[in-house]
Amino acid sequence: QDGRGRVRFFKREMGRQAQERRQLELDLRRAVLFAPQEFEVHYQPVIDVATRSPTGLEALLRWHHPERGLVSPADFIPVAEEIGLIVGLGELVLRRACADATRWSPTLRVAVNLSPAQFRDPRLVETVAEALSDSGLPPGRLELEITEGVLLRRTEATMTTLHRLKSLGVRIALDDFGTGYSSLSYLRSFPFDKVKIDRAFVRDIETSSDDAAIVRAVTGLCERLGMTSTAEGVETEEQFRLVEAERCTEAQGYLFSRPVPASEVPEVLALVTAS
Ligand code: C2E
Ligand code: CA
Ligand code: CA
C-alpha cells in the first residue's frame, strides 16, 4: 500500500517537473526569439594578484523573466544548450560583451564563456571574427573560456577550432579546472593562455591544506607551461592571502565585486583600483 502510494506520488511529482521544464523551454524560446532585451550581460572584474588592479572582466549572462524574476544561468543555460538555443544566445553575449568592452580602458580584457554546443557549431570561428570586426575590439582583448567538457572529445575538429580561434588573436582560457573530467594531458594538448582554478578548491583553502596543495600544484604547472592561473570564488581577504601564497596570478570573486550591469562597470573598476 505504502509502496503504491509512493509510486503515485513520484509520478505526479515527475509530471509536475516535466511540465515546469516544458514551460521553461517555451519561455526561453519566446525570450530568445522575441524578447532579447530580457537578457542582460553582467561583468565581474578579474584582479591581478601582484598589483591588485583589474586585468579584465568576465561576462556573465542574466535573464530577467517577466514573471519568474531573475533566472540563474545555471538553470537556463543547460536547457538552452539542450534545445539548441545556446548558439544564438551565445552570439548575443559575445556581441554585447565585445561592444561593451570597447568602452573600457584599452588595457582591460573581456572574457566570454563558450558552451560545448557553441564550440561544435561550424560557424563559431566566423561568428567570433565578425563580433570582433563589427565592434572594433582588438582580438587580444577577447578571452574565450571553455570547459573541460569541450575537450572531452579531443578530436581533430576540436583542435582545429582551438587553433583557428587562436590565430584570430583571441586568448583561450580553460575554465573550472579541477572539476569534472580534469586531465593533465589537456594542458599539453593545447596552448591555453590561462587556467581558471575552480571555486571548489578556493572555498575551504583556509582550513584544508590538501586544497592549498592542489592549488599550488596547478599554479606550479601553469608557471612552467607559461600560463596565467586565476583563482575563482575568492570571497575573503584570508582566501586572497592564501591564493597569493600559492602563487595564483589572478583572482576573481565577491571579495572584489559581484557581477554588475555594464552601466556599473566604471564605478566598480574605480572601487577595485582604489582599494
Ligand atoms: P562560471 O563560468 O564558473 O562563472 C563563475 C560563477 O561564479 C558565476 O555564477 C559568478 O557569479 C559566480 N561567482 C563569482 N564570484 C563568486 C564568489 O566569490 N563566490 C561564489 N559563491 N560565486 C561566485 P553565475 O553568473 O551564476 O554563472 C554560473 C555559470 O553559468 C557560469 O559559471 C557559466 O558556466 C554559466 N554562464 C554564465 N554566463 C554564461 C554565458 O554567457 N554563456 C555560457 N555558455 N555560460 C554562461
Ligand atoms: Ca567562466
Ligand atoms: Ca568557472
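Any value given below was found using the heavy atoms of this structure, including those in side chains, with hydrogens, waters and symmetry copies removed. Counting starts at 1 for both ligands and their atoms, in listed order.
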Item to check | Polar contact flag, side-chain donor to acceptor under 3.5 angstrom, Ser257-Glu264 | outcome: no
Item to check | Option whose closest heavy atom lies nearest to atom 43 (C) of ligand 1, chosen from Thr179, Leu94, Asn113, Val41 | outcome: Asn113
Is the side chain of [X] donor-acceptor paired with the backbone N or O of [Y] at a distance under 3.5 Å, no angle test?
{"X": "Asp193", "Y": "Ile172", "result": "yes"}
{"X": "Glu244", "Y": "Ala50", "result": "no"}
{"X": "Asp48", "Y": "Thr51", "result": "yes"}
{"X": "Thr249", "Y": "Ser229", "result": "yes"}
{"X": "Glu232", "Y": "Gln252", "result": "no"}
{"X": "Gln118", "Y": "Leu114", "result": "no"}

Below the 3.5 angstrom mark, is there an N/O of [X], backbone or side chain, next to an N/O of ligand 1?
{"X": "Leu61", "answer": "yes"}
{"X": "Glu235", "answer": "yes"}
{"X": "Arg199", "answer": "yes"}

Where on [X] is there a heavy atom closer than 4.0 Å to ligand 1, on the side chain, on the backbone, on both, or on neither?
{"X": "Lys196", "answer": "neither"}
{"X": "Arg258", "answer": "neither"}
{"X": "Leu60", "answer": "both"}
{"X": "Val112", "answer": "neither"}
{"X": "Ser115", "answer": "both"}

Any [X] heavy atom less than 4.0 Å from ligand 1:
{"X": "Pro259", "result": "yes"}
{"X": "Arg62", "result": "yes"}
{"X": "Glu58", "result": "yes"}
{"X": "Gln252", "result": "no"}

Checklist entry - What is the name of the N/O/S atom in Glu58 that sits closest to the Ca ion (ligand 2)? => result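 The closest N, O or S atom of Glu58 to the Ca ion (ligand 2) is OE2.
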Next on the checklist: For the CZ atom on Arg164, are there more than 12 heavy atoms of other groups (residues, nucleotides or ligands in this structure) within a distance under 6.0 Å?
Outcome noted: no
Within 4.0 Å of [atom] (strictly less), any protein heavy atom?
{"atom": "atom 29 (C) of ligand 1", "answer": "no"}
{"atom": "atom 13 (N) of ligand 1", "answer": "yes"}
{"atom": "atom 34 (O) of ligand 1", "answer": "no"}

Checklist entry - Less than 4.0 Å between a side-chain N and a carboxylate O, is that true for Arg95 and Glu130? => result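 Answer for the salt bridge query: yes.
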Checklist entry - Is Glu237 salt-bridged to Arg241, cutoff N-O under 4.0 Å? => result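 No, Glu237 and Arg241 are not salt-bridged.
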Next on the checklist: Do Arg30 and Phe34 form a cation-pi contact, if we require the NZ or CZ to be under 6.0 Å from the six-membered ring centre and within 45 degrees of the ring's axis?
Outcome noted: no
Acceptor/donor pairs from residues 105-112 side chains to any protein atom, 3.5 angstrom cut, sequence neighbours excluded:
| unit_1 | atom_1 | unit_2 | atom_2 | d |
| --- | --- | --- | --- | --- |
| Ser105 | OG | Thr107 | N | 3.2 |
| Ser105 | OG | Thr107 | OG1 | 2.8 |

So if I count the atoms of ligand 1 from 1 in the order they appear, which ones are less than 4.0 Å from some heavy atom of [X]?
{"X": "Asp175", "answer": "2 (O)"}
{"X": "Asp176", "answer": "3 (O)"}
{"X": "Gly233", "answer": "16 (C), 17 (C), 18 (O)"}

Item to check | Qualifying residues under ring-ring contact (aromatic ring centres under 6.0 Å, His included), relative to His64, sequence neighbours excluded | outcome: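 None.
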Next on the checklist: For a ring-ring contact (aromatic ring centres under 6.0 Å, His included) check, start with the C-alpha distance between Phe201 and Phe177, then their side-chain angles and the critical distance, and finish with the verdict.
Outcome noted: CA-CA 10 Å; Phe201 301 100; Phe177 190 72; 8.3 Å; no
Checklist outcome for this item: Within the 3.0 Å cut-off the protein N, O or S neighbours of the Ca ion (ligand 3) are Asp175 OD1, Asp176 OD1, Glu232 OE1, Glu232 OE2
Under 3.5 Å, which donor-acceptor pairs link side chains of residues 79-90 to any protein atom two or more places apart or in another chain?
| unit_1 | atom_1 | unit_2 | atom_2 | d |
| --- | --- | --- | --- | --- |
| Glu81 | OE1 | Ser115 | OG | 2.9 |
| Glu81 | OE2 | Ala117 | N | 3.1 |
| Glu82 | OE1 | Arg21 | NH2 | 3.0 |

